[in-house]
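Written below as structure tokens is the structure these notes are about.
For this chain, numbers begin at 1 and follow the sequence in order.
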Amino acid sequence: MSDTLITIIAAFSAVTLMFIFPLMSVSERNDDIAQTAVQTATSEFVDKIAVSGSIKPSDYEEYEKRLLATGNTYDIEIEVQVLDENPGKKGTGATAQDLIGENVRYSVYTTKILDDMYNDDGSSQNFPLKKGDNVIVTAKNTNKTLAQTLRSFFYKVTGQGTYQVGASSSSMVINTGK
């Protein structure tokens, strides 16, 4: 009886060591690769926006495709902090020292940006920005990766609203878009 129990425990340990741990290691590595790809794509997308001065539908669609190529689904959030210059004049206004007042920023979010970019008739247009605006793009995976599934199975660590692969990038717009 004890030989049978030891054999079962040995077989279970061998299966765990030979298959489960390597599978967990490979799945973690896949998530690391996806993380790098998402961070690179997000940074490049934000850099394009900052240089061109507008969010172009073609750039946004290319960004979505690059994210989906990782095999995950993503929640993409875009925030544009629009610079609303509101200077008052202290004197003649001929020099920068004559202007007083504060610059105020207000935010425009993903839903409004996409509504402005894609019209109801199927056409699309650029979302223009101006020099000094800030752009913040965040992408987080919405599906459960294999590594997350295995981790939650073996370690019993689960949580709603958590993500494994995500990236964020921001930049100040350097050119006014058309």
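Of the possible donor and acceptor atoms, one in the side chain of Ser27 sits under 3.5 Å from a partner among the backbone N and O of Met24. In this structure a side-chain-to-backbone donor-acceptor pair under 3.5 Å is present from Asn141 to Asn143.
Of all heavy-atom pairs spanning Met172 and Ala50, the tightest one is O-CB, 3.6 Å. Among all heavy-atom pairs drawn from Gly53 and Val173, the shortest one is CA-CG1, 3.8 Å. Between Thr138 and Ser168, the shortest heavy-atom contact is OG1-OG, 3.3 Å. The nearest pair of heavy atoms linking Asn126 to Pro57 is OD1-CD, 3.4 Å. Of all non-hydrogen atoms in Ser107 and Glu79, the two that sit nearest each other are OG-OE2, 2.8 Å. Taking both residues in full, the closest heavy atoms of Val38 and Ala139 are given as CG1-CB, 4.3 Å, listed atom of the first, atom of the second, then distance.
Asp75 and Thr142 form no side-chain donor-acceptor contact under 3.5 Å, judged by distance and modelled atom types alone. Inspection of the Thr42 and Ser169 side chains reveals no N or O donor paired with an N or O acceptor under 3.5 Å.
Annotation: the span from Ile55 atom CD1 to Asp116 atom CG amounts to 10.0 Å, rounded to 0.5 Å. Rounding to the nearest 0.5 angstrom, the gap separating the CZ atom in Phe45 from the CG atom in Leu67 is 9.5 Å. Taken to the nearest 0.5 Å, the OG atom of Ser58 stands 7.5 Å off from the NZ atom of Lys48. To the nearest 0.5 Å, atoms CE (Met117) and CG (Asp59) are separated by 8.5 Å. Note that CD1 of Ile174 and CG of Asp133 are 13.0 Å apart. Values are rounded to the nearest 0.5 Å. Note: Ser54 OG to Lys130 NZ = 14.0 Å, rounded to the nearest 0.5 Å.
Considering Asn30, Thr70, Val165 as possible partners of Gln35, the one that fulfils the side chain to side chain contact (heavy atoms under 4.5 Å, CB included) test is Val165. For the side chain to side chain contact (heavy atoms under 4.5 Å, CB included) with Ile113, the lone residue among Tyr60, Phe127, Tyr118 that qualifies is Phe127.
Taking the side chain as every heavy atom from C-beta outward, Leu129 and Ile49 approach each other to under 4.5 Å. No side-chain heavy atom of Lys131 sits under 4.5 Å from any side-chain heavy atom of Asn175.
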Steps toward side chain to side chain contact (heavy atoms under 4.5 Å, CB included) verdict (Glu77, Val137): CA-CA 6 Å; Glu77 298 173 6; Val137 177; over 6 Å; no

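For Arg105, the CZ atom is densely surrounded, since the number of other residues' heavy atoms within 6.0 Å is greater than 12. Within 6.0 Å of CG in Asp120 there are 12 or fewer heavy atoms belonging to other residues, nucleotides or ligands.
Both Tyr106 and Ile78 sit in one connected hydrophobic cluster of ILVMFWY residues. Membership requires side-chain heavy atoms under 4.5 Å apart, directly or through other members. Both Val135 and Val108 are part of a single hydrophobic cluster, where members link through side-chain heavy atoms under 4.5 Å apart.
The pair Lys56-Glu61 fails the salt-bridge criterion, with no side-chain N (NZ, NE, NH1 or NH2) lying under 4.0 Å from an Asp/Glu carboxylate O.
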